[in-house]
Amino acid sequence: QESASLDPEFAKANRQATLVTTTPVEKGTFEHYVEVSGSVESRKNITLSAETMGNIEQIYVTEGQNVRRGQLLLKLDDEILRNSIREVETSLELAQSVFNKRKNLWEKNIGTEIQYLEAKNSKESLESKLATLRAQLKQANVTAPFSGSIDKVWVREGEMAQPGSPMLRMVSLQDMYIDADLSESFVGQFEAGQPVIVTFPSLNEQFESKISAVSKVIDENNRTFSVEIELPKTDYMIKPNMISVVKLKDFASNNAVIVPTNLIQMDKQGDYIYVMKNSDTLNIARKVKIEKGKTYKNKTLIEEGLSGDELLIDAGFREVTDGNVVKPVESTI
């Protein structure tokens with residue numbers, strides 16, 4: 001070692017050596033994730049509209065108010081319907097009486113069959129009409145189909161409600177999930193029960209969850225299929241339509257050889273990376289051909305070319321060529 005340091009050629013080589021830093025090859029578990037955007041959905045996020053036309057008589061709720069299932073939310077003017085019901089009920093009483101008499105006579109073979117059938121038809125027709133009017137009367141009352149809160153009120157008292165026109169929006173935060181779309185190239189790679197990582201950028205929080213359902217249909221417009229992800233329970237206020245980032249693991253390898261992606265270079269023969277090797281007391285840069293695998297978060301899996309005990313040339317890797325003498329120094333970062 002001492003004689004080598006006295007060798008003029010050795011001293012010259014050291015003076016001309018390229019300064020570099022080195023980093024060891026990483027060995028461990030390599031995981032690759034697919035990252036997609038997801039949206040919070042609620043199975044109970046609905047718009048309520050009138051089933052019949054009528055003047056809005058009274059609105060019993062305000063935006064933000066919590067309501068229970070079956071609670072009356074809005075009432076239409078039903079005076080005309082109630083008058084019609086009273087008229088039909090009076091007519092039905094008479095028709096029922098006539099029918100009972102015709103029936104008794106017919107059972108005694110008195111009167112004609114047509115008289116009996118006409119009385120029967122008149123009674124049943126009025127019964128049907130009364131049932132229809134009572135159903136319409138129920139439609140004048142808009143009630144909560146589930147327990148939740150009133151998110152939006154679009155109408156005012158005194159306005160005319162039209163069938164199908166939105167009046168109220170109601171939402172429940174108790175039955176929400178995350179919906180995300182994946183490219184059809186991932187078909188078969190994910191199934192219900194697989195763990196996922198969910199991040200809400202607006203909350204700056206990350207949660208662990210799992211896939212609850214995978215669609216079996218490909219959207220013909222964008223060639224994707226949807227996955228449903230359980231919404232993790234949290235103290236944060238998560239609302240419908242909130243955007244999330246969903247990370248789904250599609251690959252993992254144990255005892256993998258991993259290198260920083262930025263150190264990989266390419267020439268006509270393929271990918272390569274520079275490692276530092278010792279030769280006759282000199283540190284030499286060596287160009288090593290590699291076969292790379294998946295890349296994630298600036299790290300790349302190396303499938304062939306490295307054993308895992310090499311020292312990679314980090315800073316200065318673009319200034320060296322195969323066979324250059326290099327001198328490792330401490331990184332200043």
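Both backbone and side-chain heavy atoms feed into the values below; hydrogens, waters and symmetry mates do not.
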Are N100 and S97 close enough that a side-chain donor and a side-chain acceptor fall under 3.5 Å?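 Checked: N100/S97 side chains show no N/O donor-acceptor pair below 3.5 Å.
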
Scan side-chain atoms only and decide if Y33 and E31 contain a donor-acceptor pair under the 3.5 Å cut-off.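 Yes, side-chain donor-acceptor contact under 3.5 Å.
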
Enclosure of [X] [atom1] (heavy-atom neighbours >12, cutoff 6.0 Å):
| X | atom1 | result |
| --- | --- | --- |
| K75 | NZ | yes |
| M160 | CE | yes |
| K101 | NZ | no |
| E107 | CD | yes |
| R86 | CZ | yes |
| Q174 | CD | no |

Residues E26, K299; criterion salt bridge (Lys or Arg N to Asp or Glu O under 4.0 Å); working and verdict: CA-CA 10 Å; E26 180 182 346; K299 291 187 177 183; 3.0 Å; yes

Side chain to side chain donor-acceptor pair (under 3.5 Å) evaluation trace for E319 with Y274: CA-CA 11 Å; E319 283 72 46; Y274 279 110; over 6 Å; no

Should the pair [X]-[Y] be classified as a salt bridge under the 4.0 Å nitrogen-to-oxygen rule?
| X | Y | answer |
| --- | --- | --- |
| E208 | K247 | no |
| K138 | E51 | no |
| D175 | K44 | no |
| D151 | K239 | no |
| E63 | R169 | no |
| K27 | D309 | no |
| R134 | E89 | yes |
| R286 | D322 | yes |

From [X] [atom1] over to [Y] [atom2], what is the distance, rounded to the nearest 0.5 angstrom?
| X | Y | atom1 | atom2 | value |
| --- | --- | --- | --- | --- |
| K152 | L48 | NZ | CG | 15.0 Å |
| I313 | L311 | CD1 | CG | 9.5 Å |
| M167 | E159 | CE | CD | 10.5 Å |

Audit row: V198, I178, side-chain contact (heavy atoms from CB on, under 4.5 Å) steps and yes/no: CA-CA 9 Å; V198 179; I178 298 172; 3.5 Å; yes

Quick check against the 3.5 Å criterion: does [X] have a side-chain atom that pairs as donor or acceptor with the backbone of [Y]?
| X | Y | result |
| --- | --- | --- |
| E157 | I59 | yes |
| Q189 | F186 | no |
| Q96 | E93 | no |
| E191 | G188 | no |
| N55 | E57 | no |
| S253 | F30 | no |

Under a 4.5 Å side-chain heavy-atom rule over Ile, Leu, Val, Met, Phe, Trp and Tyr, are [X] and [Y] clustered together?
| X | Y | result |
| --- | --- | --- |
| M276 | L263 | yes |
| F200 | M176 | yes |
| F146 | Y177 | no |
| I197 | V245 | no |
| V246 | V34 | yes |

Side chains of V259 and T261: closer than 4.5 Å at any heavy-atom pair?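 They are not in contact (no side-chain heavy atoms under 4.5 Å apart), so the answer is no.
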
Please tell me if the side chains of V288 and L306 come closer than 4.5 Å, counting only heavy atoms from C-beta onward.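 Side chain of V288 against side chain of L306, heavy atoms only: contact under 4.5 Å found.
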
When you measure from the centre of the six-membered ring of F99, is the NZ or CZ of K120 closer than 6.0 Å and no more than 45° off the axis?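 The answer is no; the distance or angle limit is not met.
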
Please find the pair of heavy atoms, one from S215 and one from F225, that lie closest to each other, and give the distance.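 For S215 and F225, the tightest heavy-atom pair comes out as O-CD1, 4.1 Å.
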
Results of side chain to side chain donor-acceptor pair (under 3.5 Å) for T224 - residues two or more places apart only: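 Partners of T224 under the side chain to side chain donor-acceptor pair (under 3.5 Å) test: N222.
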
